Amino acid sequence: MRVLWAIPVTALLAVVLLPLNDGFYLTWINFDPQGEGQQWEWRYNREVMRNTSGYLYGHLLALVTGAWLAHRHRYPVALAIAAGIGTAMAAAAYLTAHALGGERLRVGGDGQVLWEPAVVGGVQHGPLLAAFPLHALLGVGLGVLLADRLGSRRARTVAVVVLTIGWSVVSVAGLMQVGRIDFPGVLLWVIPPLAAATAIGMASLSLGGGENSPAFVGDWGDTASSALVIGLAAWTAVAIGRPASDVRTVRRYGRSRTHRRSPSRRVR
């Protein structure tokens with residue numbers, strides 16, 4: 001099966017994006033962490049980012065893979081393959097990120113250990129991994145719905161580039177949330193990549209970094225994780241349900257109104 005390429009690419013994404021994840025805190029949150037509290041926050045953010053490396057862009061890859069399947073298989077077959085490949089991609093992402101992450105102690109200048117796993121919470125991997133097959137199924141539905149507008153290779157390329165840019169902006173915005181979200185909460189329920197990024201960001205930055213000592217300031221991404229699964233499932237149900245109804249209509253009544261035969265040319 002050609003689609004199997006998506007599995008090693010998912011693992012490769014986790015490896016390639018690891019340096020960006022390692023430097024995310026210093027680039028976007030705090031370029032000069034001071035005191036034990038901020039050192040704690042920096043360290044924990046780095047560990048969470050390493051253990052979820054490749055997740056967000058893996059979701060994007062799953063979405064594109066689903067759309068790719070929609071153009072190469074009959075609709076029910078594409079959905080079945082998308083569910084399977086999405087699950088395999090989730091496994092590849094988790095295993096690779098888990099191997100790259102890990103709990104590594106770091107000793108500060110005063111000789112104190114700044115990392116103690118028992119003190120902090122954990123990432124909710126379940127919702128983030130469930131998003132892989134859901135995105136793949138969503139991609140199949142969107143691939144069918146937008147088939148006419150994305151018929152040419154140029155249109156598909158432009159769509160992928162624009163989607164990647166938007167995905168990147170939304171992901172950075174979600175990953176930067178510290179303690180509480182800085183945008184309307186309803187957006188978590190309607191923009192899945194924002195919910196996924198916020199779930200990771202809140203999981204790593206709910207340990208607020210005061211200068212003297214760390215403090216718990218957030219919900220560890222619980223709200224965003226719930227919004228991700230429920231919102232994404234709703235979008236997926238809508239996207240795959242409409243093409244399915246169109247297929248049933250065509251089977252029952254023949255060609256639909258959108259597939260009228262072109263008028264025959266007159267013979268002169």
Side-chain angles (χ1 to χ4, degrees), residues 10 14 21 24 28-29 41 44-45 47-63 66 79 82-83 86-95 97-98 101 117 119-142 163 166-208 214-241:
T10 301
N21 289 321
F24 184 86
W28 296 97
I29 307 298
E41 184 182 60
Y44 187 55
N45 177 266
E47 295 305 322
V48 170
M49 295 292 287
R50 291 180 70 94
N51 278 278
T52 56
S53 181
Y55 277 25
L56 300 180
Y57 282 100
H59 293 163
L60 174 60
L61 178 61
L63 182 69
L79 288 177
T87 302
M89 292 171 69
Y94 175 77
L95 293 175
H98 186 71
V119 179
V120 295
V123 183
Q124 294 192 27
H125 288 278
L128 293 167
L129 296 176
F132 278 88
L134 286 174
H135 273 102
L137 292 171
L138 177 61
V140 174
L142 293 178
L163 182 61
W167 204 279
S168 301
V169 172
V170 168
S171 295
V172 171
L175 291 171
M176 291 179 63
Q177 302 309 304
V178 182
R180 59 174 183 165
I181 60 175
D182 298 325
F183 48 81
V186 67
L187 295 180
L188 294 174
W189 300 86
V190 297
I191 307 177
L194 179 62
T198 303
I200 295 174
M202 294 287 283
S204 63
L205 296 174
S206 287
L207 185 68
F216 301 106
V217 296
D219 67 350
W220 301 102
D222 291 348
T223 301
S225 296
S226 300
L228 170 63
V229 174
I230 297 174
L232 181 57
W235 280 119
T236 302
V238 172
I240 68 177

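From a predicted model like this one, the values you see are computed outputs, not experimental measurements. All values below were derived from every heavy atom in this structure, side-chain atoms included, with hydrogens, water molecules and symmetry-related copies excluded.
Here the OG1 atom belonging to Thr10 is positioned 4.5 Å from the CG atom belonging to Leu61, to the nearest 0.5 angstrom. Atom OG in Ser204 sits 11.0 Å away from atom CG in Asn51 (nearest 0.5 Å). In this structure, CD1 in Ile200 is found 7.0 Å from CE in Met49, a value given to the nearest 0.5 Å. Taking CG of Leu134 as the reference point, atom CG of Leu228 lies at 8.0 Å (rounded to 0.5 Å). Here the OG1-NE2 distance, from Thr52 to His125, works out to 7.0 Å after rounding to the nearest 0.5 Å. How far CG of Leu128 is from CG of Leu56: 7.5 Å, rounded to the nearest 0.5 Å.
With Pro192 as the fixed residue, the side chain to side chain contact (heavy atoms under 4.5 Å, CB included) test singles out one of Leu138, Thr236, Leu232: Leu232. His135 pairs in a ring pair (Phe, Tyr, Trp, His ring centres under 6.0 Å) with only one of the listed residues (Tyr55, Trp235, Trp167), which is Trp167.
Proximity of Leu175 to Trp28: side-chain heavy atoms (C-beta onward) are nowhere separated by under 4.5 Å. Looking at Phe183 and Thr198, their side chains come closer than 4.5 Å, going by heavy atoms from C-beta outward.
Residue Pro193 comes nearest to Val170 through the heavy atom pair C-CG1, 3.9 Å, listed as atom of the first residue, atom of the second, then distance. Heavy-atom minimum distance, Phe132 versus Gly54: CZ-O, 4.5 Å. Listed here is the closest heavy atom pair of Ser53 and Ala97: O-CB, 3.8 Å. Among all heavy-atom pairs drawn from Ala82 and Ala136, the shortest one is O-CB, 3.4 Å. Across all non-hydrogen atoms, the minimal contact from Ala224 to Ala199 is CB-N, 3.5 Å. Contact detail for Met89 and Gly58: the closest heavy-atom pair is CE-O, 3.9 Å.
In this structure a side-chain-to-backbone donor-acceptor pair under 3.5 Å is missing from His98 to Tyr94.
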Inset, instruction - Give the C-alpha distance, both sets of side-chain angles, the deciding distance and a yes or no for side chain to side chain contact (heavy atoms under 4.5 Å, CB included) between Leu187 and Ile181. - result: CA-CA 10 Å; Leu187 295 180; Ile181 60 175; over 6 Å; no

